[in-house]
Asker: 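The structure that follows is given in the form of structure tokens.
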Number of protein chains: 2
Amino acid sequence: MLNISQVERDTGLSKDTLRMWERRYGFPQPGRDAFGERLYDAPQVDKLRVIKRLMDAGQRPGRLMDKSFEELTALAAQQTVARADGTPPAAHTDLIALLQSHDSPALEQHLTHLLLRQGLQQFVLATLAPLNVAVGEAWARGDLAIFEEHLYTERVQGVLRSAIQSMSRRQDSPRVLLTTLPQEQHALGLLMVETLLASERVPCIALGTQTPLQDIATAAAAHRADIVALSFSDAFPLRAAAAGIASLRPDLAPSTTLWVGGSLVARLKQLPRGVCRIQSLADVLPALEAWRSASNRSAPG
Amino acid sequence: MLNISQVERDTGLSKDTLRMWERRYGFPQPGRDAFGERLYDAPQVDKLRVIKRLMDAGQRPGRLMDKSFEELTALAAQQTVARADGTPPAAHTDLIALLQSHDSPALEQHLTHLLLRQGLQQFVLATLAPLNVAVGEAWARGDLAIFEEHLYTERVQGVLRSAIQSMSRRQDSPRVLLTTLPQEQHALGLLMVETLLASERVPCIALGTQTPLQDIATAAAAHRADIVALSFSDAFPLRAAAAGIASLRPDLAPSTTLWVGGSLVARLKQLPRGVCRIQSLADVLPALEAWRSASNRSAPG
DNA sequence: GTCAACATTTTGTCCAAGACAAATAGTCCA
DNA sequence: TGGACTATTTGTCTTGGACAAAATGTTGAC
């Protein structure tokens, strides 16, 4: 039996939201302890967790509340199957099976092996990019536990960061500043971009995630960045992304290019002038080439 | 001007607490926007941050509220001076100056140089551990911008992860599971512990930050962990830490040791049986030794 | 048929004031 | 000096009302 604070931590739903759902939909319906405070039992928390997962996948709570736990899990499974229609999951199921086997050394070995066989660029583009999607979906289906996804993220970070660290850097490259806005916690996208650039010997000024807008502009000026690259995952609020981009652009020097990437950007309507949309990881290196030729044209030599 | 949500994120003080302080002490005294919602200006948020910092150091809010920002910073400075009594800040000021110079390659070079000269263990224990404190204090003083601190964190992560990745692992070691509770975002502590263990050829099952309680227990069982290690920075709510530890302990197998570390743990009163307090990074390797001998005694051979 | 503008529903967060347990400080006494 | 008791401090929970932002549905023009 959990109290409302613990449920908030466990499910990611705020206390206010939990109380409002109870008031509005009649679910959850927690018991009370001796002091009149809410106590949630395990089945209700499980159901809340599935609901949260489905909401992260785009569903709205109103439609989900009256369904049973079984209906909800079925719905979750159904959703990802429908989307993963024609994609060949062969190589991915191997790795996901490895994740489920909890053999941490084998996982690391497998990733390193793939990296060595494919080379850095192919590893990122052909293996990691689709694998990330597959892992996300497996998690949404309930096939992967959170801790299994965490282990995956950590292992990939280890492999990528180690690869980045060992690359030599050219000094005549563009200065690329890499980060995300506050509220965006996903670091893997940034790291994959950094890896691709490192493979072209372009060093990055990586700030990790969640840099305040004002600081991004200040940092870009301090480091005399040629390119500022932001990453937006699907979970990021669309409006906030558009607003953030629009307010950041004029704070950057006109000569600084602003790249925006991540799964969210496909849904952004119109971008301000001087903002470059990176639809997928495959666009990163072409965008780098484009920047180089544009830069040469304006300042030859 | 920030709204209450942003202040909550920025300071780590809950909305409830912010409203209660206003009601009870008359500070903060936010303005209101067109919709009657609280708007905090920058000076008040700065003051809240110092107050939070002093509270993390053991002060109680009632005594701090009516002091001015200057009095509070003086108090904070006094405290840190008192704490940093005999430590020579020479090497740290070098690195902090490097951070302020925005010379990213030089920073990385300097860190790598220190690592090679000191070796992994000394680098972590003698350089990084006090440097983290110094960086945190410089940030609190306003000497370092957020983006400079971010850059520091990223660079250190790169160096440590790359070092970890290149260490070989012994298979007859304890299985150590490494993570933090939800709400705890600081990953560097975990990474330093992982580095120390890697230097002893002990491989870790690193889950990164923010693993739900239930998942930690599940993961520990799935990986047959001998040791579960949690890290708590001093920004973490004390009560939540105590509650989390108390509720996790019985969910772990009795034979699994639970380590709790980080700057918060000094303030935890009494720990449940079977929970080991890691006061500082220097305690990690001794604790490992202690585990080994205890393990040998109970299961010799 | 497609797109844009508008209206409507849904949904999350904020607000206020009251209550009370847990933690801390203060006091008394041996 | 230390232990037991009381008083104060402090954070979190409670209820119910309000309303903006997001999502959905509808209309009309091209």
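Note on naming: letters A, B, ... go to the chains in the order of the sequence lines (proteins, then strands), and numbering restarts at 1 for each one.
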Asker: In residues 7-17 of chain A, what residues come within less than 4.0 Å of DNA chain C, judged by heavy atoms?
Answerer: A/S14, A/D16, A/T17
Asker: Would you indicate what A/M65 reaches in the nucleic acid, counting non-hydrogen atoms under 4.0 angstrom: base, sugar-phosphate, or nothing?
Answerer: nothing
Asker: Taking salt bridge (charged side-chain N to carboxylate O under 4.0 Å, His left out) as the test, write out the residues that go with A/R38, two or more places apart.
Answerer: A/E22
Asker: Just to be sure I understand the rule, does A/R19 reach a base, reach only the sugar-phosphate, or reach nothing, if contact means heavy atoms closer than 4.0 Å?
Answerer: base
Asker: Could you list the residues that satisfy salt bridge (charged side-chain N to carboxylate O under 4.0 Å, His left out) with B/D56, not counting sequence neighbours?
Answerer: B/K52
Asker: What nitrogen or oxygen pairs link the protein and nucleotides 5-10 of chain C at under 3.5 Å?
Answerer:
residue: C/dT10; atom: O3'; partner: A/R60; partner atom: NH2; Å: 3.3

Asker: Tell me the bend of the helix from C/dG1-D/dC30 to C/dA30-D/dT1 as the angle between end helix axes, each from five pairs, rounded to the nearest 10 degrees.
Answerer: 30°
Asker: Looking at residues at least two apart in the chain, or sitting in another chain, which of them share a side-chain hydrogen bond (donor to acceptor under 3.5 Å, both in side chains) with A/E8?
Answerer: A/K15
Asker: Which residues pass the side-chain hydrogen bond (donor to acceptor under 3.5 Å, both in side chains) test with B/H186, sequence neighbours left out?
Answerer: none
Asker: Once you round to the nearest 0.5 Å, how far does CZ of A/F69 lie from CD1 of A/I51?
Answerer: 10.0 Å
Asker: Check salt bridge (charged side-chain N to carboxylate O under 4.0 Å, His left out) between A/E148 and all other residues, then give those that pass, not counting sequence neighbours.
Answerer: none
Asker: Partners of A/T17 by side-chain hydrogen bond (donor to acceptor under 3.5 Å, both in side chains), sequence neighbours excluded?
Answerer: A/S14
Asker: Between A/N3 and A/Y40, do the side chains contain a donor N or O and an acceptor N or O under 3.5 Å apart?
Answerer: no
Asker: Excluding sequence neighbours, so at least two apart, what forms side-chain hydrogen bond (donor to acceptor under 3.5 Å, both in side chains) with B/S280?
Answerer: none
Asker: Using side chain to side chain donor-acceptor pair (under 3.5 Å) as the criterion, point out the one residue from A/T209, A/T211, A/T179, A/D215 that pairs with B/H150.
Answerer: A/T211
Asker: Measure the distance from CE on B/M20 to P on C/dA22 and round it to the nearest whole Å.
Answerer: 16 Å
Asker: Can you tell me how far C1' of C/dG12 sits from CD1 of A/I51, to the nearest Å?
Answerer: 15 Å
Asker: I need the full list of salt bridge (Lys or Arg N to Asp or Glu O under 4.0 Å) pairs touching residues 60-74 of chain A, with sequence neighbours left out, sorted by first then second residue.
Answerer: none
Asker: What is the distance, to the nearest angstrom, from the CZ atom on B/R38 to the P atom on C/dT13?
Answerer: 17 Å
Asker: With a 3.5 Å cut-off and no angle check, do the side chains of B/T180 and B/Q210 form a donor-acceptor pair?
Answerer: no
Asker: Rounded to the nearest 0.5 Å, how far does CG of B/L213 lie from CD of A/Q6?
Answerer: 8.0 Å
Asker: Could you check whether the side chain of B/R23 and the base of C/dA16 have a donor-acceptor pair of N or O atoms closer than 3.5 Å, going by distance alone?
Answerer: no
Asker: Under 4.0 Å from a heavy atom of chain B: give me the 5'-most and 3'-most nucleotides of DNA chain D that qualify.
Answerer: D/dT9 to D/dA20
Asker: Return the 5'-most residue of the pair A/I4, B/F35 with respect to DNA chain D, ranking by each residue's nearest nucleotide.
Answerer: A/I4
